[in-house]
Amino acid sequence: MGTVFSFDVRGGTGPRVEAALDAAVAWLHHVDEVFSPYRPESQISRLGAGTLALSKCTPEVWEVMRLCEDAERRSDGWFSARYGAGGAFDPTGLVKGWAVERAAAMLASAGAAAVCVNGGGDVQVHGGPWRIGVSDPLRKGALATVVHADGELAVATSGSAERGCHIVDPRTGRPPRAAPASLTVICRGLTEADTCATAGYAMGDLACGWLESLPGTRSFAVTADGSTWTTRGPGG
């Protein structure tokens with residue numbers, strides 16, 4: 001998936017946890033093989049090229065399509081998996097968070113006392129306690145904030161500091177208007193956190209109000225001028 005993954009597993013050691021770790025690593029490789037748009041042989045690439053019928057795709061492709069449709073509906077179209085040239089299905093804004101969330105659940109279900117799976121800075125934890133640093137997009141090597149977790153929690157960040165502006169406004173195909181330097185979303189599961197961070201970043205200056213309306217969700221943004229804002233949704 002074009003990034004680095006790391007695992008931190010505490011407690012519950014033994015054959016069952018070791019097998020779950022092997023399975024989680026294999027799962028991430030499988031997801032990359034199925035969903036990578038950079039692999040011409042992946043199912044997503046072949047689906048976009050018209051050389052593979054949707055009916056022949058794995059159940060995971062159907063699941064991810066459903067999750068993308070749900071994210072698009074909940075964000076009023078600000079998250080979209082069909083914004084590119086020709087509207088080909090590209091779920092990269094969701095797949096990494098979904099894959100990491102499932103990998104962490106494998107380890108927690110195997111009896112690990114505490115689990116942290118980090119996929120390119122997007123993090124899913126179980127147990128704890130954990131301290132999750134969020135990089136400052138304007139000061140290399142510095143932290144913008146620290147998230148404290150003890151239980152099931154996910155932290156996802158979208159921004160342009162690491163890879164440039166790779167998220168666009170799906171309605172215009174251009175960089176978002178008044179986008180923050182980075183936007184971090186915190187909620188229970190990384191699938192939701194990842195899609196909300198992507199949609200919120202695409203919204204630009206509309207993100208704060210939308211994120212404030214989401215139950216069980218917190219967010220933290222660093223703006224282009226270095227100021228910050230936070231939200232805590234209803235029940236968040």
Side-chain angles (χ1 to χ4, degrees), residues 1-6 71 74-81 83 90-101 104 116-125 130-149 153-214 216-233 236:
M1 285 177 269
T3 192
V4 176
F5 292 81
S6 64
R74 289 186 294 109
S75 66
D76 195 25
W78 287 102
F79 177 92
S80 176
Y83 61 84
D90 180 0
T92 50
L94 178 142
V95 162
K96 183 179 70 173
W98 168 77
V100 168
E101 182 176 350
C116 174
V117 182
N118 184 330
D122 294 336
V123 177
Q124 177 77 58
V125 300
W130 299 99
R131 297 176 73 248
I132 304 163
V134 176
S135 296
D136 189 322
L138 305 178
R139 296 183 301 151
K140 190 172 180 63
L143 295 180
T145 190
V146 176
V147 178
H148 296 267
L153 196 74
V155 180
T157 300
S158 290
S160 59
E162 297 295 327
R163 297 175 8 189
C165 186
H166 59 284
I167 298 174
V168 299
D169 180 338
R171 304 180 184 197
T172 66
R174 296 191 294 271
R177 179 171 54 92
S182 72
L183 174 62
T184 298
V185 174
I186 305 150
C187 61
R188 186 173 180 180
L190 194 54
T191 307
E192 181 175 0
D194 201 6
T195 55
C196 287
T198 300
Y201 187 86
M203 288 179 189
D205 55 7
L206 301 176
C208 185
W210 177 67
L211 290 165
E212 191 72 67
S213 73
L214 301 180
T217 301
R218 292 178 283 150
S219 63
F220 172 83
V222 179
T223 65
D225 65 7
S227 60
T228 64
W229 53 259
T230 62
T231 70
R232 182 181 292 272

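From a predicted model like this one, the values you see are computed outputs, not experimental measurements.
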Inset, instruction - Check the pair Trp229 / Leu211 against side chain to side chain contact (heavy atoms under 4.5 Å, CB included), numbers first and verdict last. - result: CA-CA 11 Å; Trp229 53 259; Leu211 290 165; 4.0 Å; yes

Inset, instruction - Decide yes or no on side chain to side chain contact (heavy atoms under 4.5 Å, CB included) for Arg74 and Trp210, but give the supporting numbers first. - result: CA-CA 10 Å; Arg74 289 186 294 109; Trp210 177 67; 5.6 Å; no

Inset, instruction - Determine, step by step, whether Asp136 and Leu143 satisfy the side chain to side chain contact (heavy atoms under 4.5 Å, CB included) criterion, reporting the C-alpha distance in whole Å, the side-chain angles of both residues, the deciding distance to 0.1 Å, and the verdict. - result: CA-CA 5 Å; Asp136 189 322; Leu143 295 180; 5.9 Å; no

Inset, instruction - Decide side chain to side chain contact (heavy atoms under 4.5 Å, CB included) for Asp194 and Trp98; before the verdict, give the C-alpha distance in whole Å, the side-chain angles of both, and the deciding distance to 0.1 Å. - result: CA-CA 8 Å; Asp194 201 6; Trp98 168 77; over 6 Å; no

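Thr217 places none of its side-chain heavy atoms less than 4.5 Å from the side chain of Cys196. Taking the side chain as every heavy atom from C-beta outward, Leu153 and Arg218 approach each other to under 4.5 Å.
Heavy-atom minimum distance, Val222 versus Pro180: O-CB, 3.4 Å. Pairing each heavy atom of Gly119 with each of Thr3, the nearest pair is C-CG2, 4.4 Å. Here the closest heavy-atom approach between residue Ala181 and residue Leu138 is recorded as CB-CD2, 4.0 Å. Minimum interatomic distance between Ala71 and Phe79 (heavy atoms only, all atoms of both residues): CB-CD2, 3.7 Å. Nearest heavy atom pair, residue Gln124 against residue Ala104, reads CG-CB, 3.6 Å.
A donor-acceptor pair is defined here as one N or O able to donate and one able to accept, closer than 3.5 Å; no such pair exists between the side chain of Ser227 and the backbone of Thr223.
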Which donor-acceptor pairs under 3.5 Å do side chains of residues 183-193 form with protein atoms, sequence neighbours excluded?
{"from": "Thr184", "atom 1": "OG1", "to": "Thr157", "atom 2": "OG1", "distance (Å)": "2.8"}
{"from": "Arg188", "atom 1": "NE", "to": "Glu152", "atom 2": "OE1", "distance (Å)": "2.9"}
{"from": "Arg188", "atom 1": "NH2", "to": "Glu152", "atom 2": "OE1", "distance (Å)": "3.1"}
{"from": "Thr191", "atom 1": "OG1", "to": "Glu101", "atom 2": "OE1", "distance (Å)": "2.6"}

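Here the OG-CZ distance, from Ser182 to Phe220, works out to 7.0 Å after rounding to the nearest 0.5 Å. One distance of note links CD1 of Ile132 with NE2 of His148; it measures 10.0 Å at 0.5 Å rounding. Distance check: Arg131 CZ to Cys116 SG gives 13.0 Å after rounding to the nearest 0.5 Å. Atom CG in Asp122 sits 9.0 Å away from atom CZ in Phe5 (nearest 0.5 Å).
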